[in-house]
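What you see is a predicted model; the values in this text were computed from it and never measured. Worth knowing before you read on, the calculation uses all heavy atoms, side chains too, and leaves out hydrogens, waters and symmetry mates. Convention: sequence-line order gives letters A, B, ...; per-chain numbering from 1.
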Number of protein chains: 2
Amino acid sequence: MSDTHTQLKKFITNQITIEDELLALICNKFRYKATRRNQILLHADEVCPYIYFVNQGCLRVYLLDAAGKEFTRFLITENRFGTAFPSFTLQEPSLAYIESIEPSQLLYISYSDYQSLFDIVPGWERSTRLGLQADYIASIKRIESLITMDAKQRYQLLIKTNPTLVQRLPSKIIADYLGISQETLSRLKSKK
Amino acid sequence: MSDTHTQLKKFITNQITIEDELLALICNKFRYKATRRNQILLHADEVCPYIYFVNQGCLRVYLLDAAGKEFTRFLITENRFGTAFPSFTLQEPSLAYIESIEPSQLLYISYSDYQSLFDIVPGWERSTRLGLQADYIASIKRIESLITMDAKQRYQLLIKTNPTLVQRLPSKIIADYLGISQETLSRLKSKK
DNA sequence: AGAGATTGTTGACATTTGTCAATAATTTAT
DNA sequence: ATAAATTATTGACAAATGTCAACAATCTCT
């Protein structure tokens, strides 16, 4: 486990002060998994059993409507946690799919292990709260961009806040993350 | 304090099991405030000093762009917590304003008292985490509605999930909460 | 109760964005 | 390396929504 869990350890010790034994207690609950490109980790209507920590690669949480159109709820890259959050948290069927859009190296923990850590490890609740705070703030910013900005402004914001993502992912996916069509994004790019 | 804090107590005991003395310790940090209609509680560019709990009435967290256009980030009604979350959490200048759109009865706690409770009261961290989880899930649903639905669908969803809000607030505010113009909303309503 | 302010409605038109389709470019898998 | 699949671009057009303006309806405050 040594090497596979170092990023997770760093993530946690960045948030809280914690003894090595307790940190190990947390890390022991996380198992390692490598995925291929486009591998589906969760289908809609399933209850999401895991929350993932991305060591390497990229996860995409997306919705699929009746017409087969896809909408990207979240993109999760290195050193971030990600899951179908409502489904995992409430243990109810997911509206979203999870896939690894790149070959990825992941850690994952089951719902029951995740829950047990709240009682077993002092500090885990704080670490989780801080993570949630950050994720919630990010989602507020996203809502704001969706209600106040047009397609072009949102694209430029994304380039500014997450330039790597834009370079790294097919623009098809960037487009539906921004809530616009592939064609509109293509036109935005050519017009400056 | 008896009566003014009963709703808050109920909110907390709904989430966690807690002894009366500890619950009192929490409640003691919350002060009471009555506001008039349209009273501004926070201006943009100020660091938000408080998080509010709404006993009665309604808070609105909104953005104002250079052209004077308003965008409603959140509406907070009875028995919910609300604040300019990024500003309060990170103690940085707010992009948003907070106003009470109705005459309201509020409880509020300062940032430092809020922080101190994490260390003083076992259970407060859990209560906060659970609240955050719920708020984060709500914001994810909102993002989804913004990227997957058109104006009409979003309006119908709001009617379904929050019928009271739609009746109670001026449709101007409902419109910019939905991210659409007042005129578009007016047309949606007449066309069914 | 009534004046003034705010909010809501409607029409005409502009703008943005989406959709469909054809083709080009790129990537992937063998 | 090459064929097949995927992704990106572009054009023409349609649909959704925004903007501006005029007016009506409704609140609100004294």
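Identified under the side-chain hydrogen bond (donor to acceptor under 3.5 Å, both in side chains) test for residues 43-57 of chain A, with sequence neighbours left out: none. Applying the ring pair (Phe, Tyr, Trp, His ring centres under 6.0 Å) definition to pairs two or more places apart or across chains, those involving residues 125-152 of chain A are A:Tyr136-B:Phe85. Pairs passing the side-chain hydrogen bond (donor to acceptor under 3.5 Å, both in side chains) check and including a residue from residues 67-81 of chain A, sequence neighbours excluded, read A:Gln7-A:Asn79, A:Arg60-A:Glu70, A:Arg60-A:Thr72, A:Thr72-A:Asp176, A:Arg73-B:Glu144, A:Glu78-A:Arg168, A:Arg80-A:Asp135. The side-chain hydrogen bond (donor to acceptor under 3.5 Å, both in side chains) pairs that include a residue from residues 83-96 of chain B number zero, where partners must be two or more places apart or lie in different chains.
Think of the region where chain A sits on DNA chain C: with heavy atoms and a 4.0 Å cut, that region ends 5' and 3' at C:dT17 to C:dT28.
Between D:dA8 and A:Ser186, no contact under 4.0 Å exists linking OP1 or OP2 to a side-chain N or O.
Evaluation of the side chain to side chain contact (heavy atoms under 4.5 Å, CB included) rule for A:Val121 yields A:Ile18, A:Leu22, A:Leu25, A:Ile26, A:Leu117, A:Trp124 as partners, not counting sequence neighbours. Residues passing the ring pair (Phe, Tyr, Trp, His ring centres under 6.0 Å) test with A:Phe11 are A:Phe53, A:Phe81, sequence neighbours excluded. Scored by the ring pair (Phe, Tyr, Trp, His ring centres under 6.0 Å) test, B:Phe74 finds no partners at all (sequence neighbours excluded). Remark: A:Arg129 engages B:Glu125 in a side chain to side chain donor-acceptor pair (under 3.5 Å) (not counting sequence neighbours).
In this structure, the CG atom of B:Asp150 is 15 Å from the C1' atom of D:dG18, given to the nearest Å. Atom CD1 in B:Ile147 sits roughly 18 Å away from atom C1' in D:dA16 (whole-Å rounding). Between the CG atom of B:Leu178 and the P atom of D:dG18 there is a distance of 10 Å, rounded to whole Å.
Cluster partners of A:Met149, by chain and number: A:Leu157. The rule joins Ile, Leu, Val, Met, Phe, Trp and Tyr whenever side-chain heavy atoms lie under 4.5 Å apart.
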All N/O contacts under 3.5 Å from nucleotides 5-7 of chain D to the protein, with atom names and distances to one decimal?
residue, atom, partner, partner atom, Å
D:dT7, OP2, A:Lys172, NZ, 2.9

Between N or O atoms, less than 3.5 Å apart, protein on one side and nucleotides 20-24 of chain D on the other: list the pairs.
residue, atom, partner, partner atom, Å
D:dC20, N4, B:Glu183, OE2, 3.1

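Crowding of B:Glu19 atom CD: a count of heavy atoms from other residues, nucleotides or ligands under 6.0 Å not exceeding 12.
Nucleic acid contact for B:Leu185: none, since no nucleic acid atom lies under 4.0 Å from a heavy atom of the residue.
Of the charged side-chain nitrogens involved, at least one lies within less than 4.0 Å of a carboxylate oxygen, so that B:Arg126 and A:Asp119 count as a salt-bridged pair.
Map B:Arg154 and A:Thr184 each onto its nearest nucleotide of DNA chain D; the residue landing nearer the 5' end is A:Thr184.
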